[in-house]
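The figures that follow rest on heavy atoms only: side chains count, while hydrogens, waters and symmetry mates do not. All ligand and atom numbering here is 1-based and tracks the order in the structure.
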Amino acid sequence: MTDLSRATAALQGKQRMLAFTGAGISTESGIPDFRGPDGVWTKVDPSEFTYDKFVNQASTRIKSWERAREHRRLDAKPNPGHHALVKLWKAGHLIGCVTQNVDGLHQKAGLPDEAVIELHGNAHSTTCLNCRRSWPTPDVIARVEAGEADPGCTECGGILKIDVISFGQMMPEPEVEKAYQLARECDVVLAIGSTLSVFPAAFVPLAALENGALFVIINEGETDQDHLAHIKLEGKAGQLLPQLVESHLG
Ligand code: NAD
């Protein structure tokens with residue numbers, strides 16, 4: 001029996017699946033992950049980009065905007081992995097998608113906003129840390145490209161920050177609550193494209209497991225929770241997820 005047929009058999013009759021996604025579901029859309037072989041952390045030191053440094057050092061903000069200008073792939077398109085989850089949702093077998101991703105590709109693929117719980121924010125918008133006015137990120141990046149290395153709020157002069165959670169910054173409480181609620185309600189948790197090593201986010205699949213859910217991991221490479229999974233599918237999410245959804249829905 002292949003791992004895929006074992007997974008299909010285990011999913012039979014399950015209709016309350018929760019997806020927990022990480023950067024690996026978006027690499028096939030051209031967005032690099034963090035810890036994979038070509039990941040961002042092989043090129044950048046994460047301790048340079050903490051929330052404290054962003055708020056207190058103009059030099060960190062300048063570097064962050066430069067990185068955003070060069071690397072934010074805001075025009076990326078969803079891939080078959082994202083589309084497979086939409087198919088599961090439309091069939092009524094997915095209760096939600098908790099994501100660590102900030103790329104908005106689940107929504108672009110067609111999951112409604114209320115189905116996507118973004119634990120680490122969304123890179124498509126930027127907010128003033130002082131007056132909370134918000135702009136589309138491309139508008140702010142256009143200002144950087146026009147020569148403003150550290151663009152400030154045009155209303156109050158406050159610091160502008162892309163709406164993603166930095167190291168040292170709390171995850172948004174309503175999203176965390178919703179994620180744990182879904183973890184309690186699901187009968188399967190599908191962890192997709194994540195090393196499951198960034199906490200507290202990676203507690204979500206563990207909460208589902210503790211609550212009795214079947215734990216399935218789809219990932220290329222090892223994760224920190226492989227030893228806890230009932231089934232591990234090793235390989236590309238963009239191939240395995242459509243196959244799994246196809247064989248589950250029949
Ligand atoms: P991670 O980099 O730690 O792990 C990604 C995992 O996915 C790795 O094991 C990698 O080998 C695997 N992988 C890569 N391509 C894959 C594919 N096509 N199919 C299956 N698996 C694949 O990422 P993580 O666990 O999500 O780490 C969390 C942090 O990364 C979060 O803070 C998140 O905000 C951030 N992040 C998000 C994006 C994005 O929005 N797309 C991109 C980079 C980082």
Side-chain angles (χ1 to χ4, degrees), residues 3-4 7 19-47 49-51 64 67-68 70-85 97-109 111 116-125 137 161-172 175-176 179 189-206 216-227 229 231-245:
D3 287 343
L4 187 67
F20 177 81
T21 63
I25 197 171
S26 295
T27 55
E28 290 163 84
S29 294
I31 301 177
D33 60 12
F34 270 161
R35 292 172 187 74
D38 296 318
V40 173
W41 293 154
T42 62
K43 299 169 183 91
V44 174
D45 176 1
S47 68
F49 293 96
T50 62
Y51 184 71
S64 299
R67 277 187 42 71
E70 283 176 7
H71 300 294
R72 280 275 169 226
R73 316 250 160 92
L74 294 171
D75 55 353
K77 294 192 174 52
N79 67 58
H82 298 103
H83 290 301
L85 290 180
C97 176
V98 175
T99 188
Q100 302 165 92
N101 294 348
V102 299
D103 54 34
L105 289 181
H106 289 300
Q107 298 90 320
K108 247 191 208 175
L111 279 185
V116 184
I117 294 86
E118 295 176 314
L119 293 178
H120 293 164
N122 189 310
H124 289 265
S125 58
T137 299
K161 185 174 185 298
I162 296 180
D163 292 338
V164 303
I165 303 298
S166 303
F167 283 100
Q169 199 178 0
M170 297 280 283
M171 295 195 303
E175 277 75 5
V176 172
V189 60
L190 296 174
I192 306 153
S194 173
T195 48
L196 302 174
S197 64
V198 177
F199 289 91
F203 282 128
V204 172
L206 295 179
V216 179
I217 295 180
I218 300 178
N219 199 63
E220 187 171 57
E222 281 179 15
T223 83
D224 284 6
Q225 296 180 16
D226 283 353
H227 61 292
I231 297 171
K232 162 87 187 279
L233 298 179
E234 170 68 44
K236 294 213 178 293
Q239 289 165 11
L240 290 170
L241 203 46
Q243 287 171 5
L244 184 64
V245 169

At under 4.0 Å between heavy atoms, which part of [X] makes contact with ligand 1: side chain, backbone, both or neither?
{"X": "I31", "result": "side chain"}
{"X": "P32", "result": "backbone"}
{"X": "V198", "result": "side chain"}
{"X": "V102", "result": "both"}

Heavy atoms, side chains only, cut-off 4.5 Å: are [X] and [Y] in contact?
{"X": "L196", "Y": "I217", "result": "yes"}
{"X": "H83", "Y": "P78", "result": "yes"}
{"X": "S166", "Y": "K161", "result": "yes"}
{"X": "T27", "Y": "E220", "result": "no"}
{"X": "T99", "Y": "I25", "result": "no"}

Point-to-point distance, once rounded to the nearest 0.5 Å, from OG1 of T195 to CZ of F34 |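 Spacing of OG1 (T195) from CZ (F34) equals 10.5 Å.
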To the nearest 0.5 Å, how far apart are CG in L4 and CG in L233?
->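 If we round to the nearest 0.5 Å, L4:CG and L233:CG are 6.0 Å apart.
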Can an N or O of [X] be found at a distance shorter than 3.5 Å from an N or O of ligand 1?
{"X": "F34", "value": "yes"}
{"X": "H120", "value": "yes"}
{"X": "E28", "value": "yes"}

Result of checking V204, L190, I117 against F20 for side-chain contact (heavy atoms from CB on, under 4.5 Å) =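 Only one of V204, L190, I117 forms a side-chain contact (heavy atoms from CB on, under 4.5 Å) with F20, namely V204.
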Option whose closest heavy atom lies nearest to [atom], chosen from [options]:
{"atom": "atom 4 (O) of ligand 1", "options": "T195, L196, V164", "result": "T195"}
{"atom": "atom 23 (O) of ligand 1", "options": "G235, A23, G24", "result": "A23"}
{"atom": "atom 19 (N) of ligand 1", "options": "G81, A191, A237", "result": "A237"}
{"atom": "atom 25 (O) of ligand 1", "options": "G22, S194, G238", "result": "S194"}

Give the atoms of ligand 1, by number and element, whose distance to some non-hydrogen atom of S26 is under 4.0 Å.
->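 Result: 41 (N).
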